[in-house]
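Structure first, commentary second.
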4 protein chains.
Amino acid sequence: MANKTAPDSSRRSERSRRAIFDAALALVGEVGYDKLTIEGIASRAGVGKQTIYRWWPSKAAVLLDAFTADADTYRGALPDTGDVAADLKAVLRATVDEFNDPAFQAPYRALAVAGASDEELSRTFVARLLEPGIDVYTDRLRVAREAGELAAGTDVRLGAEMLLSPFSQRWLMRTGELTYAFVDALVDQVLHGLRPRG
Amino acid sequence: MANKTAPDSSRRSERSRRAIFDAALALVGEVGYDKLTIEGIASRAGVGKQTIYRWWPSKAAVLLDAFTADADTYRGALPDTGDVAADLKAVLRATVDEFNDPAFQAPYRALAVAGASDEELSRTFVARLLEPGIDVYTDRLRVAREAGELAAGTDVRLGAEMLLSPFSQRWLMRTGELTYAFVDALVDQVLHGLRPRG
Amino acid sequence: MANKTAPDSSRRSERSRRAIFDAALALVGEVGYDKLTIEGIASRAGVGKQTIYRWWPSKAAVLLDAFTADADTYRGALPDTGDVAADLKAVLRATVDEFNDPAFQAPYRALAVAGASDEELSRTFVARLLEPGIDVYTDRLRVAREAGELAAGTDVRLGAEMLLSPFSQRWLMRTGELTYAFVDALVDQVLHGLRPRG
Amino acid sequence: MANKTAPDSSRRSERSRRAIFDAALALVGEVGYDKLTIEGIASRAGVGKQTIYRWWPSKAAVLLDAFTADADTYRGALPDTGDVAADLKAVLRATVDEFNDPAFQAPYRALAVAGASDEELSRTFVARLLEPGIDVYTDRLRVAREAGELAAGTDVRLGAEMLLSPFSQRWLMRTGELTYAFVDALVDQVLHGLRPRG
DNA sequence: ATCTAAGCGAGACGGTACGTCGCGTCTTTGC
DNA sequence: GCAAAGACGCGACGTACCGTCTCGCTTAGAT
């Protein structure tokens, strides 16, 4: 399958793999994604360049693995107190804090940028990070719909995007502040719509 | 005030400026943003590298100027037929076509990516391209609110983001297709909300 | 005769000409010949680049004019006390001091180097600086020959070169020290030859 | 001790080294020293610029190595037929031919010029090319002195300079022709001196 | 005394080369 | 046979000067 005699992953050095992840995450925080280099990672990790090239196709892929190696543990479902508005606000407020934290921002923004320009990479990025995030909202909305909290015909996937995209967009393009007030208003307006009630 | 003795813009060569814009737009379409180089632009434009460095701080800034030099003419208001849903759908469908056009995509995506990673650049990008786009939606929604088509207390700026962000996000991160059906559903769901109607 | 409509030298700015000479001599002393630039001279002299290009073909030509503008006043004949050996030693000892003086060295070495590599320039350099120097020695030796101090058939031009070249060579290529002892020995050996006396 | 982590010379590519020498010598003959560029050498040699910068500090140093890599094999002693004048004339006549040969001239003149302006480089140039040349004359003169052909107290080093410097000077500064007649007269006058014989 | 064309300071321009950085490949030497 | 180390060919970086070319401006010399 591999076109170049694939490396034997059973012989792979776990020590080097960890060192590369640590170096990549540290460096992206210090110098930013554009000035992050393979040589820099290798040097900081005390590793030969070839060891990186052997296992990853690009610096973005290294960073993606480094980021998800730490993040893969997390995941689950949104809380369900029976009040979908309250639950969404609670989780989005926590997400506000997360995206305002520099340590989280740097590698995540780097990945988003890399994904936006590199179509190949974006497939992995979307599948491993974005889709799971959308899914937990979709699931929670579906539960709410079954419970009669939402209209019967509601497109829950689209609903999830209506909640997450304005948030992501503000953060990524810096078109606005990420505050509790913003997410509260967003949840309310998404749920009630803009139309006047009959 | 200037840290390097600013060049005299009255002596500037308009011919070179245009040639640089043309070359930058052509090249970003041909090779993509990452492989776009200052040397490439200079060579294609028949211009010395220094002429680019004299007037712009980065290739992203060149591209931004090139893109807006062409785009600055456009701008206006959304149509107003009295039916806000129909008007929004009409315009968003046109925007679907625009964002599916490779000639428009390449430089715009390049700018979005550059803006996402470079905070300085993003200020200009947001102010010159994104904000004006949001504003025309905000204005149309305001008109609709005054006309009683929307609830009295509606946050029209937030409404505009709810319409545009899911669209932008799908396009930028490739999380979904941009279709007429998608924008139609988006408009309907934004206007009506997810809640069941009393 | 001129292929480009020669400049009108009657309108020439004497003030600029002096400023260029001063700047060129000062700069060659400060940064050396290789790092001497036309732009640097123009800037230091408070002069436009074109003013230099209008009147000189190269930085070497500027330097040559600058150097000879100061040096043209000097010139004359060697002393004649009747003792040719003593006269030569006296003058060469003075020349040792001159060539060990950094203020004289820098531009003179620069000119020698430029002359060595540029055949066109070397013609002027030789004619204006080297030949006159050789001539005064040739003249003094001729007088000595007429006076019977030298053998009747002596080639006085070659004699002058035998005196000056070992001196110049040591200085230019740094193959040896320039000392009084050296020039004394040189004069003696040139006059007496290496052969044992019959 | 090294200020930049010196390269590992055991890993050095001999193929590249030779290609660089060949390219440098060919180019200096074709375009001259001033128009000789590192980029030109690298390109002609099919080598990266960095490979040159890794091993040499300047184009002059490259040329010096290139020149001596070929020339290091040669070297020896002057012929000794018992007639010092004849021997000197024979060798100097051969040297006349050598210095009138363009293929030899171009790189040698380039080195002389570079050595004249760069004190650091001149140390190597003198030690590797000039001094050995002077030494063979010094040695031959010493032999002649022991054989009684020269005066007992003769300074043989100075004698060698008296033979070589007028020659070098004429060539380098173009103050005169290099002919057999010139070197014959030079040898005679150096050996006999200018004084009339008692 | 006025006009007009040249010299002038200034510096933008199309270029070439600089010396550096990082790429991705390849090779050498342990382990 | 993977890994650390790093030399290699390559391409782009951003800078420094080159020599040419306008731009006003000032400043004679001819009218």
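Throughout, protein chains are lettered first and strands after them, A, B, ... in sequence-line order, and every chain is numbered starting at 1.
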Show every donor-acceptor pair shorter than 3.5 Å between a side-chain atom in residues 31-42 of chain A and any protein atom, with sequence neighbours excluded, or say none if there are none.
residue	atom	partner	partner atom	Å
A:T37	OG1	A:G40	N	2.8
A:E39	OE2	A:K49	NZ	2.8

inquiry  = Any side-chain N or O of D:S16 below 4.0 angstrom from OP1/OP2 of F:dG9?
reply    = yes
query = What do you reckon, is CZ of B:R12 surrounded by more than 12 foreign heavy atoms closer than 6.0 Å?
reply = yes
query = salt bridge (charged side-chain N to carboxylate O under 4.0 Å, His left out) with D:R54: which residues, sequence neighbours excluded?
reply = none
Earlier contact from the 5' end, DNA chain F, for D:S9 and A:R12 = A:R12
query = How many angstroms lie between CD in B:Q50 and CD1 in B:I52, if you round to the nearest 0.5 Å?
reply = 10.0 Å
message = Rounded to whole Å, how long is the line connecting atom CD of A:Q50 with atom C1' of F:dA3?
response = 10 Å
query = To the nearest 0.5 Å, how far apart are CG in C:L63 and CG in C:L121?
reply = 9.5 Å
key: Donor/acceptor link under 3.5 angstrom from C:K49 side chain onto base of E:dG11   = no
Cationic N near anionic O, under 4.0 Å, C:D65 to C:R128 = yes
query = Does atom CZ of C:R123 have more than 12 heavy-atom neighbours from other groups under 6.0 Å away?
reply = yes
ask   = If only atom types and distance count, is the side chain of A:R109 paired as donor or acceptor with the main-chain N or O of A:L172 below 3.5 Å?
value = yes
Strictly under 3.5 Å: I want the nitrogen or oxygen pairs between protein and nucleotides 26-31 of chain F, one per line.
none

task = With axes from five pairs an end, tell me the bend angle of the helix from E:dT4-F:dA28 to E:dC31-F:dG1, nearest 10°.
result = 20°
inquiry  = I need the D:R174 CZ to C:D118 CG distance, nearest 0.5 Å.
reply    = 7.5 Å
ask   = Where along residues 17-46 of chain D does a heavy atom fall under 4.0 Å from DNA chain E?
value = D:T37, D:I38, D:E39
ask   = What is the distance from CD of D:E14 to C1' of E:dT27, rounded to the nearest Å?
value = 16 Å
note = Rounded to the nearest 0.5 Å, the CG atom of B:L64 sits from the NZ atom of B:K59 at a distance of 14.0 Å
message = Can you tell me how far apart CG (D:L129) and OG1 (D:T124) are? Round to the nearest 0.5 Å.
response = 10.0 Å
key: Residue that, paired with A:F21, satisfies ring-ring contact (aromatic ring centres under 6.0 Å, His included) out of A:W56, A:W55, A:F67   = A:W56
ask   = Which distance, rounded to the nearest 0.5 Å, do you find between the OG of C:S58 and the CD of C:E120?
value = 9.5 Å
ask   = Got a sec? Which of residues 51-62 of chain B come in under 4.0 Å of DNA chain F, heavy atoms?
value = B:Y53
